[in-house]
Enquirer: 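Before I ask anything, let me first share the structure, which is written out below as structure tokens.
Counting from 1, the numbers follow the sequence of the chain as shown. Ligands are counted one by one from 1 in listed order, and the atoms in each one are counted from 1 as well.
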Amino acid sequence: MNIPTHVGIIVDGNGRWATKRGKSRSEGHLAGSKNLDSLCQYIFDRGIKVLSLYVFSTENFKRSDEEVNYLMDLFVKKFKKDFKTFSKKGIKIVFSGRREPLRQEILDIIDDITLKTKDNQNGILNFCLNYGSHAEIIDACKKIVIDSDNGKINVNKLDEDLFKKYLYNDLPNLDLLIRTGGELRLSNFMLWQAAYAEFYFTKTLFPDFNDKEFEIALEAYNKRDRRFGGINYEKKDN
Ligand code: FPP
């Protein structure tokens with residue numbers, strides 16, 4: 001089986017999962033978080049090197065204070081736990097997103113975990129938190145202008161590889177992008193990195209998106225003919 005290097009997941013459907021069961025939205029997020037524990041381990045054990053998770057968009061701040069606060073508390077607990085689990089396995093944990101207006105407690109954990117896992121070599125777990133792809137591209141452009149003004153880079157030499165280095169994290173492009181919860185859109189997730197990604201949309205709500213569901217996504221990925229704009233007649237004729 002062909003294993004993708006970089007998988008992205010747009011985590012969606014926690015709220016609907018809870019509502020269907022007469023539970024609160026917070027209980028849906030808790031169920032999603034528990035699912036994430038086992039799913040992340042499974043994905044790295046399966047040989048995927050980079051996993052990006054869209055867990056909170058810049059737009060998610062529009063939700064009620066109660067829900068946002070619940071999620072922020074859950075993130076704090078989850079990051080501490082993930083640090084213990086994944087640093088042992090040599091996984092580097094990184095974060096993508098704007099720092100403003102995240103609270104100091106979250107920023108401290110982000111900085112601490114980033115620093116402590118920075119030399120790990122066995123894989124990368126990228127939490128997209130307070131993330132938006134347009135913001136990421138604009139932030140990269142601002143840094144490029146500053147470096148150009150300071151003579152650090154020559155804008156005539158700017159190409160895709162150099163531009164990538166100015167994004168929140170310098171990661172390989174996405175190979176497989178999964179969205180749970182039934183919506184058929186990207187919602188401002190990794191637009192630059194998804195240029196040649198294979199998309200897999202499923203109606204399964206995130207708390208139910210388990211190892212078996214992930215395997216089905218991998219099987220679908222393996223049936224795709226990835227040509228990257230080129231041609232592959234041999235495969236096409238099959
Ligand atoms: C989308 O479902 C999910 C989120 C906005 C939060 C994602 C959070 C988790 C999986 C919980 C824990 C994760 C970490 C890293 C601690 P939704 O609320 O938009 O669902 P809906 O579309 O059914 O309302």
Enquirer: Considering only heavy atoms of R25, which atoms of ligand 1 have at least one such atom less than 4.0 Å away?
Expert: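 That gives atoms 17 (P), 18 (O), 24 (O) of ligand 1.
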
Enquirer: Does this structure show an ion pair linking R227 with D225, if we count only N-O contacts that are shorter than 4.0 Å?
Expert: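 Salt bridge flag = yes for D225 with R227.
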
Enquirer: Quick check on ring-ring contact (aromatic ring centres under 6.0 Å, His included): which of Y70, F61, F127, Y131 does F56 satisfy it with?
Expert: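 Exactly one option meets the ring-ring contact (aromatic ring centres under 6.0 Å, His included) with F56, and it is F61.
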
Enquirer: Just checking, is any N or O donor in the side chain of H29 or E67 under 3.5 Å from an acceptor N or O on the other one?
Expert: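 On atom types as modelled, these side chains qualify, holding a pair under 3.5 Å.
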
Enquirer: Kindly say whether the aromatic ring centers of F95 and Y168 come within a distance under 6.0 Å.
Expert: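 Not close enough - the centres of the two rings lie 6.0 Å or further apart.
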
Enquirer: Which atoms of ligand 1 are found less than 4.0 Å from any heavy atom of F75?
Expert: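 So the answer, numbered in order with elements, is 13 (C), 14 (C), 15 (C), 16 (C).
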
Enquirer: With a cut-off of 4.0 Å, which atoms of ligand 1 are near a heavy atom of R16?
Expert: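 The atoms of ligand 1 under 4.0 Å from a heavy atom of R16 are 21 (P), 22 (O), 23 (O).
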
Enquirer: Quick one: nearest non-hydrogen protein atom to atom 12 (C) of ligand 1, plus distance?
Expert: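 Checking every protein heavy atom, the shortest distance to atom 12 (C) of ligand 1 gives S33 CB, 3.5 Å.
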
Enquirer: Measure up the F206 and F209 rings against each other and bin them: parallel (under 30°), tilted (30 to 60°), perpendicular (over 60°).
Expert: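 Aromatic pair F206/F209 classed parallel.
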
Enquirer: For D139 and R98, indicate whether the former's side chain and the latter's backbone hold a donor-acceptor pair under 3.5 Å.
Expert: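 Looks like no, no N/O pair under 3.5 Å.
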
Enquirer: At what distance is the nearest protein heavy atom to atom 11 (C) of ligand 1, and which residue and atom is it?
Expert: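 So the nearest neighbour among protein heavy atoms is H29 O, 3.5 Å.
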
Enquirer: Any nitrogen or oxygen of G13, side chain or backbone, less than 3.5 Å from one on ligand 1?
Expert: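 Among all N and O atoms of G13, at least one is under 3.5 Å from an N or O of ligand 1.
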
Enquirer: Answer with side chain, backbone, both or neither: which part of K77 has a heavy atom less than 4.0 angstrom from an atom of ligand 1?
Expert: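 Within the 4.0 Å criterion, K77 makes no contact with ligand 1.
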
Enquirer: Ignoring hydrogens and geometry, is there a side-chain-to-backbone donor-acceptor pair from T117 to I113 under 3.5 Å?
Expert: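 Side chain of T117 to backbone of I113, a donor-acceptor pair under 3.5 Å: yes, one is there.
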
Enquirer: For K78, is there an ion pair with D37 - N to carboxylate O distance below 4.0 angstrom?
Expert: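 Judged by the 4.0 Å cut-off on N to carboxylate O distance, D37 and K78 do form a salt bridge.
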
Enquirer: Going by heavy-atom distance to atom 10 (C) of ligand 1, choose the closest among V11, L129, D12, D82.
Expert: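 Heavy atom nearest to atom 10 (C) of ligand 1 belongs to V11.
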
Enquirer: How about F44 and F86: are their ring centres within less than 6.0 Å of each other?
Expert: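 Yes.
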
Enquirer: Compare N14, L30, V68 and give the one whose heavy atom is closest to atom 9 (C) of ligand 1.
Expert: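 Ranked by closest heavy atom to atom 9 (C) of ligand 1, first place is N14.
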
Enquirer: Would G15 count as being in polar contact with ligand 1, using the rule that some N or O on each side must be under 3.5 angstrom apart?
Expert: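 Yes.
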
Enquirer: Which bit of N60 gets closer than 4.0 Å to ligand 1, counting heavy atoms only: side chain, backbone, both or neither?
Expert: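 The answer is the side chain.
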
Enquirer: Which residue owns the protein heavy atom closest to atom 19 (O) of ligand 1, what's the atom, and how far is it?
Expert: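 The protein heavy atom lying closest is R63 NH2, 2.8 Å.
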
Enquirer: Between the side chain of N60 and the main-chain N/O of S57, is any donor-acceptor distance below 3.5 Å?
Expert: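 Side chain of N60 to backbone of S57, a donor-acceptor pair under 3.5 Å: yes, one is there.
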
Enquirer: At under 4.0 Å between heavy atoms, is it the side chain or the backbone of F127 that contacts ligand 1, or both, or neither?
Expert: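 It is the side chain that touches ligand 1; the backbone stays farther off.
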
Enquirer: Side chain, backbone, both or neither: which applies to L205 and ligand 1 if a contact is any heavy-atom pair less than 4.0 Å apart?
Expert: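 Within the 4.0 Å criterion, L205 makes no contact with ligand 1.
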
Enquirer: What is the closest protein heavy atom to atom 7 (C) of ligand 1, and at what distance does it sit?
Expert: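 For atom 7 (C) of ligand 1, the nearest protein heavy atom comes out as V55 O, 3.3 Å.
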
